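Okay, so here's the structure we're looking at.
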Amino acid sequence: MFAEADLLDQWRLPEWLTLFTDDAKYEVPCTDLPPDASPDTNLFYIADDRIRLGERVKRLMKRTAHAEFPHSKTSRMVGNVRIRSRTDDEMEVSCVFQTLRTKDGTTDLYFGTSNYRLTTNGDGLRIREKRCVLGSEGLRPSGRISIVL
Amino acid sequence: MNADNAQPALLVDPAQRVFKVARRNFVDHEIFEAEKERIFDRCWLYLGHSSELPKPGDFISRSVAGRSILFTRDAKGQLRALLNTCPHRGAQVCRERKGNAKSFQCFYHGWVFGADGKLRSQPGEESYPDGFKARDTSNMQAVPRYESYRDFNFVSFDPNIVSLEQYLGNAKEYLDVICDQTDAGMSIVAGSQEYSIRANWKLLTENSIDGYHAMTTHASYFDILMNTTDNMSAGTGGGFGYDLGGGHAVLEYGAPWGRPVAQWIPGWGEAGKTEIARQYDKLVGLYGKDRADRIALKNRNLFIFPNLVVNDIMALTVRTYFPMAPDYMVINAWALAPNDETAWARKYRLNNFLEFLGPGGFATPDDAEALEHCQRGFKNSKEAMWNDISKGMGKDKPSHNDELQMRAFWTQWNRQMFPTPIPSIKDVAA
């Protein structure tokens with residue numbers, strides 16, 4: 001998680017993407033939904049499968065991703081890391097996050113809890129699921145999620 | 001008011017095909033204050049959709065044009081729009097964002113109201129005169145006007161405003177086309193997007209009906225779309241923009257993306273093909289081929305003056321927004337969907353929504369960036385004074401990527417802001 005935050009802060013997104021399994025999900029639910037809501041039946045802010053996550057990374061590395069050109073500066077803090085459950089090949093981990101983003105003289109704060117499902121078989125940990133549950137009431141004043149939380 | 005005594009808000013000359021908007025309209029604090037009185041206090045404003053309150057006792061607290069509104073379904077099933085303020089001393093009676101309740105208690109002195117806003121009881125009742133509870137002034141006050149059309153609920157703070165149906169005028173037909181995607185009714189999907197843009201609210205009005213910016217602002221989205229639609233092989237076919245009167249406007253056009261009702265794309269595979277064909281056949285059965293084709297194959301970006309956008313595109317969005325400062329607005333957006341939709345279609349509808357729309361999508365953040373950079377550009381508005389929205393002016397039938405829709409908005413805005421043209425300046429728009 002700390003390594004992940006570092007890759008994201010350095011905008012090494014293609015490398016960050018390799019942390020995810022082929023069946024991975026990356027989700028940010030709307031803040032008025034229960035934490036276990038499904039994006040198949042509820043409106044989210046973000047609900048990417050691995051293919052769309054790849055497209056997200058490709059997009060963010062382009063000049064035509066106008067919301068992030070030039071790239072904003074970000075600083076991610078990860079804390080209260082807890083292992084919630086563990087089986088032979090999977091681990092559920094949660095942490096709190098605070099992400100600061102500065103662009104064009106404005107600094108936005110995103111905060112909340114990230115819940116991970118990590119695979120523990122094979123070589124090293126990989127992310128099968130990352131769900132960021134925002135702690136704020138909606139996306140005000142931060143406005144948009146044009147970075148990866 | 002000083003807002004009346006300065007340079008004109010618009011410069012219009014149909015013969016020369018000039019339609020210019022003063023950049024001052026986006027930055028001036030007096031204009032912002034005047035808009036509250038002359039636009040937001042005098043229009044019908046979107047409050048919410050009936051499906052958000054399915055059961056008696058359901059309630060939502062919502063902020064509309066700065067007012068705190070309690071939107072409830074009372075014990076008899078009737079929808080109510082109440083001003084969320086205690087008739088006693090003014091505290092907000094309901095402090096939760098949504099839920100279900102038999103009654104609402106003001107926590108300050110303990111007065112209790114029904115979901116219809118009527119006073120039920122208060123501590124120390126014996127100290128009040130007989131009949132106090134029967135007085136209308138003892139109840140929570142309703143919003144001056146509240147009406148709905150096809151489950152779209154609106155409020156107005158102008159008691160003398162025309163009926164909602166009269167106000168919607170030609171926009172009704174487009175709401176009908178959108179709601180006729182099914183004969184089973186439409187509902188808001190759970191999950192509301194609440195975000196903000198550091199720009200003037202009118203920039204989002206313009207952007208919502210701007211068919212001209214897509215290929216440049218959203219280039220990175222179209223790169224992705226190419227992969228899911230076999231290089232945009234599906235029907236596109238252009239389209240047109242329409243001034244619906246009253247400031248309302250719409251663009252209607254073909255587009256390459258899949259529509260869950262009911263345009264198939266290769267990315268949806270054979271299962272999707274069967275489902276889309278079934279939906280299409282149902283529409284033909286209900287309305288005949290012409291209307292079915294319009295519902296299934298045309299996209300609509302519908303704008304209802306001053307701040308409601310219903311986008312019937314790759315998904316169906318309902319979006320409303322309010323100015324908080326000349327350079328800051330808050331936005332609420334929802335997904336609307338047919339009640340009888342299959343799980344497959346619902347999933348793809350929401351998938352489509354997120355891919356393009358919303359503050360985490362691949363398009364809306366770039367719109368927000370563009371609007372914020374317009375707002376920054378307006379720092380030069382004393383010297384570089386005018387925006388130009390003359391594209392397509394004078395054409396018999398302007399294309400959906402011309403700027404007729406924006407001229408429709410601005411003409412109504414100007415009519416309400418400056419009902420009497422400033423006599424000394426002959427160029428100001430009628």
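Each chain gets a letter, A, B and so on, in the order its sequence line appears, and its residues count up from 1. None of the values given here were measured: they were computed from a predicted structure.
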Seminar exercise, completed: The single option from A:Arg59, A:Arg144, A:Glu68 that satisfies side-chain contact (heavy atoms from CB on, under 4.5 Å) with B:Asp366 is A:Arg59
Problem set entry | Side chain / backbone / both / neither for A:Ser38 at chain B, heavy atoms under 4.5 Å | neither
Exercise. Does a salt bridge link B:Glu369 with A:Lys103, judged by any charged N lying under 4.0 Å from a carboxylate O?
Worked result: yes
Seminar exercise, completed: Closest heavy-atom pair, B:Thr217 versus A:His66, reported as atoms and distance to 0.1 Å, is O-CD2, 2.9 Å
Exercise. What pair of heavy atoms forms the shortest contact from A:Arg52 to B:Leu354, and how long is it?
Worked result: NH2-CB, 3.7 Å
Exercise. Just wondering, more than 12 heavy atoms not from B:Tyr328 lying within 6.0 Å of its OH?
Worked result: yes
Exercise. Taking A:Pro141, A:Ala37, A:Ala65 one by one, which has the highest count of heavy-atom pairs under 4.5 Å against chain B?
Worked result: A:Pro141
Exercise. So what's closer than 4.5 Å to chain B heavy atoms on A:Leu33: side chain, backbone, both or neither?
Worked result: side chain
Exercise. With only heavy atoms counted, which part of B:Asp367 is less than 4.5 Å from chain A, the side chain, the backbone, both or neither?
Worked result: neither
Exercise. Considering only heavy atoms, which portion of B:Ile331 lies under 4.5 Å from any heavy atom of chain A: side chain, backbone, both, or neither?
Worked result: backbone
For this session: Search all heavy atoms of B:Pro365 against all heavy atoms of A:Ala67 and return the closest pair with its distance.
Result: O-CB, 3.5 Å
Exercise. Does a sphere of radius 6.0 Å around CZ in A:Arg86 hold more than 12 heavy atoms from other residues, nucleotides or ligands, not counting ones at 6.0 Å or beyond?
Worked result: no
Problem set entry | Interface moiety of B:Thr364 toward chain A, non-hydrogen atoms closer than 4.5 Å | neither
Exercise. Using non-hydrogen atoms only, which part of B:Ile197 is less than 4.5 Å away from chain A: side chain, backbone, both, or neither?
Worked result: neither
For this session: Say whether, by atom type as modelled, one donor and one acceptor occur between the side chain of A:Arg140 and the main chain of B:Tyr195 under 3.5 angstrom.
Result: yes
For this session: Decide if atom CE of A:Met61 counts as having more than 12 heavy atoms of other residues, nucleotides or ligands within a radius under 6.0 Å.
Result: yes
Problem set entry | Whether over 12 other heavy atoms sit under 6.0 Å from B:Asn380 CG | yes
For this session: Mark yes when over 12 heavy atoms from residues, nucleotides or ligands other than A:Leu109 sit less than 6.0 Å from its CG; otherwise mark no.
Result: yes
For this session: Using a strict cut-off of less than 4.0 Å between a Lys/Arg side-chain nitrogen and an Asp/Glu carboxylate oxygen, indicate whether A:Asp40 and B:Arg349 qualify as a salt bridge.
Result: no
Exercise. So which heavy atom on A:Tyr45 is nearest to which on B:Ser192, and how close?
Worked result: OH-O, 3.9 Å
Problem set entry | Residue selection (most heavy-atom pairs with chain B, distance under 4.5 Å) from A:Ile147, A:Asp32, A:Asp49 | A:Asp32
Seminar exercise, completed: Shortest non-hydrogen pair, B:Gly360 vs A:Ile46, comes out as O-CG1, 3.7 Å
For this session: May I ask you to check whether B:His373 and A:Asp104 show a side-chain donor-acceptor distance below 3.5 Å?
Result: yes
Problem set entry | Short side-chain to backbone donor-acceptor contact, B:Arg198 and A:Gly143, under 3.5 Å | no
Problem set entry | Within-4.5 Å side-chain heavy-atom neighbours: A:Leu43 and B:Gln193 | yes
For this session: Please check if atom NZ in A:Lys62 has more than 12 non-hydrogen atoms from other residues, nucleotides or ligands closer than 6.0 Å.
Result: yes
Problem set entry | Part of B:Ala333 within contact of chain A (heavy atom distance under 4.5 Å) | backbone
Problem set entry | Residue part contacting chain A, namely of B:Phe362, when any heavy atom lies under 4.5 Å | both
Problem set entry | Among A:Glu137, A:Arg63, A:Lys58, residue most engaged with chain B (heavy-atom pairs, under 4.5 Å) | A:Glu137
Seminar exercise, completed: Max heavy-atom pairs within cutoff under 4.5 Å with chain A, candidates B:Ala219, B:Ala343, B:Ala315, B:Ala368, goes to B:Ala368
Exercise. Between A:Glu55 and B:Tyr221, is any pair of side-chain heavy atoms under 4.5 Å apart?
Worked result: no
